[in-house]
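The structure under discussion appears below in the form of structure tokens.
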Amino acid sequence: MLSLVRQAAVVFAAGALLSGAVTHGSALAQEPSAQAGTLREAAEAEGVFIGSAIADHRLSDSRYNAIASTEFNSVTAENVMKWESIQPSRGSFNFAGGDRLVDFAEQNDQQVWGHTLVWHSQLPDWVENGGFDAAELTAITDEHITTVMDHYEGDIAYWDVVNEAFNEDGTFRQSVFQQTIGEEYIANAFRTAAQADPGAKLCINDYNIEGVNAKSNGMYNLVRDLLAAGVQVDCVGFQSHLILDSIPGDIRTNLQRFADLGVEVVVTELDIRIPMPADSAELQRQGDQFESVVSSCLAVDGCAGVTVWGFGDADSWVPDVFEGQGAACLYDENYQPKPAYDGVLAGLGGEPGGGPGPGPGPGPGEGCVANYQVTSRWNAGSVVQVGVTADRAVSGWTVTFSLPAGETVTGHWNTQLSQNGTTVTARNAPYNGNVPAGGTLNFGFQTNSGAVYSAPVVSLNGAACRAA
Ligand code: 9MR
């Protein structure tokens with residue numbers, strides 16, 4: 001089963017790109033075209049998925065929408081598939097938000113992760129305080145699972161069937177389900193889910209179970225026992241709401257023991273929060289720690305993918321819940337990529353800063369033509385326009401070149417640009433990442449110096465371009 005894990009995960013999302021067989025880093029990485037310009041391309045080259053929680057109300061923002069559709073090949077409903085949203089009153093179902101996410105995913109060839117069917121939180125009052133007995137609450141839960149899964153049958157690759165069932169000490173959380181039905185509610189939920197949509201993978205999901213500890217031991221014992229009892233459990237979700245500089249050192253070991261039970265393991269809600277304001281050293285460490293979590297999962301045969309819990313700091317749940325903490329995501333408040341983005345890309349086997357991804361890229365001079373023009377120059381500044389014509393279609397671009405020492409970029413447009421010493425890295429903006437074969441990408445910047453210098457060698461996705 002495990003050798004099929006990665007194939008199953010990406011075939012759903014990437015269809016045509018993938019054809020052969022399948023274990024991580026072998027056959028998939030040999031497919032042509034794996035220039036890792038985006039997280040999604042890097043993940044697909046590795047045979048895993050990279051996902052984000054999606055906030056329904058943010059999809060109408062064009063910057064948000066562009067990143068959500070180009071950087072990820074899996075999407076999780078942040079809120080719209082929770083019980084209080086989907087069955088707010090008894091027998092009255094509202095699928096509008098979930099349907100919007102499914103449509104979005106279909107348009108963008110993405111997998112959908114359903115979140116979540118049975119959870120103590122965001123549970124409507126009519127369930128939580130309805131005073132039902134065990135038989136009634138079991139029937140209500142079965143009806144909820146069946147109705148929701150039937151509605152989305154064929155659209156959802158994975159469901160979080162049960163969410164956050166444990167206390168920190170590994171005992172069962174005293175939710176209304178546990179108190180009324182007993183721990184049997186978990187097996188019931190999985191059995192009902194297996195009947196409702198036999199094509200979906202069924203997961204149990206929790207937080208603070210990333211390392212080996214009392215809570216993850218509780219989860220391990222439960223999953224082992226459910227499997228031994230013949231209950232279908234396909235996957236365990238490790239939420240991974242983590243804290244800077246406090247990442248468990250044994251994530252790989254812990255995920256591996258679950259994978260050894262025969263289930264898929266998935267990082268389902270990754271973010272790494274920082275006391276605010278975050279300084280640049282903290283953001284760099286955060287990038288390294290994102291890389292380490294992603295690569296720890298990918299090192300486990302049976303890791304199907306990683307999902308981040310929102311991609312932009314502007315939308316994160318963290319500051320609302322942890323006062324004085326934030327900056328937990330891959331992009332800053334203005335949707336500019338942070339070192340955390342590079343960390344995830346590196347963890348997926350991509351090469352931050354414009355290097356070629358895991359697959360073969362164009363050789364030097366074969367892939368592009370660069371037109372580097374200083375369009376105006378004065379004593380303390382210059383304006384540069386860069387046009388790069390790509391021989392082959394590009395989905396996500398990173399253009400790199402060097403500036404003379406002392407030449408500092410002071411402004412830029414049509415790109416997300418960063419400078420490190422003399423090296424400039426210009427990435428596509430959310431709206432101009434796709435360049436057809438023979439098409440030209442354009443961006444510009446201003447510097448602090450009017451010094452005269454010759455046009456540098458410009459590289460596109462790691463391959464040096466011919467000069468125009
Ligand atoms: O990100 C979600 C936030 O918008 C909601 O207000 C919150 C309500 O509990 O749930 C957040 O998502 C949670 C997820 O559903 C389950 N794991 C923890 C997540 C962060 O609280």
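From a predicted model like this one, the values you see are computed outputs, not experimental measurements. Counting begins at 1 with the first residue of the sequence. Order of listing sets the numbers, starting from 1, for every ligand and every atom in it.
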Shortest non-hydrogen separation from Thr425 to Thr398 and the atoms involved | CG2-CG2, 3.6 Å
of all protein heavy atoms, closest to atom 12 (O) of ligand 1 is Trp309 NE1, 3.2 Å
Atom of Ala429, atom of Gln416 and distance for their closest heavy-atom approach = CA-NE2, 3.8 Å
State the atoms of ligand 1, each with its element, that fall below the 4.0 Å cut-off from a heavy-atom position in Ser121.
-> 9 (O)
Validation row, ring centre Phe95 to ring centre His151 under 6.0 Å = yes
Please write down residue, atom name and distance for the protein heavy atom closest to atom 9 (O) of ligand 1.
-> Gln122 OE1, 3.4 Å
For ligand 1, which atoms have a heavy atom of Glu164 less than 4.0 angstrom away?
-> 16 (C), 17 (N), 18 (C)
So is Val321 close enough to ligand 1, meaning a heavy atom under 4.0 angstrom away?
-> no
Atom 1 (O) of ligand 1 has as its nearest protein heavy atom Glu78 OE2, 2.4 Å
Where is the tightest heavy-atom contact between Ser216 and Val212, given as atom of each residue plus distance?
-> OG-CA, 3.4 Å
Protein residue, atom and distance nearest to atom 19 (C) of ligand 1, heavy-atom basis = Glu269 OE1, 3.4 Å
Aromatic ring pairing Trp83/His144, orientation class (parallel under 30°, perpendicular over 60°, tilted between) | parallel
Please verify whether a non-hydrogen atom of Tyr207 lies at under 4.0 Å from ligand 1.
-> no
Pair Phe190 + Trp159: ring centers closer than 6.0 Å = no
Ligand 1 to Gln239, heavy atom cutoff 4.0 Å, flagged ligand atoms 17 (N), 18 (C)
Full working for side chain to side chain donor-acceptor pair (under 3.5 Å) between Asn79 and Gln122 | CA-CA 9 Å; Asn79 286 305; Gln122 291 179 287; 3.1 Å; yes
For atom 4 (O) of ligand 1, the protein heavy atom that lies nearest, with its residue and separation | Asn79 ND2, 3.0 Å
Sequence-distant partners of Cys329, disulfide (SG to SG under 2.5 Å), two or more places apart | none
Heavy atom under 4.0 Å from ligand 1: found in Asn163's side chain, backbone, both, or neither?
-> side chain
Considering Met81, Lys82, His115, which one's heavy-atom position lies nearest to atom 10 (O) of ligand 1?
-> Lys82
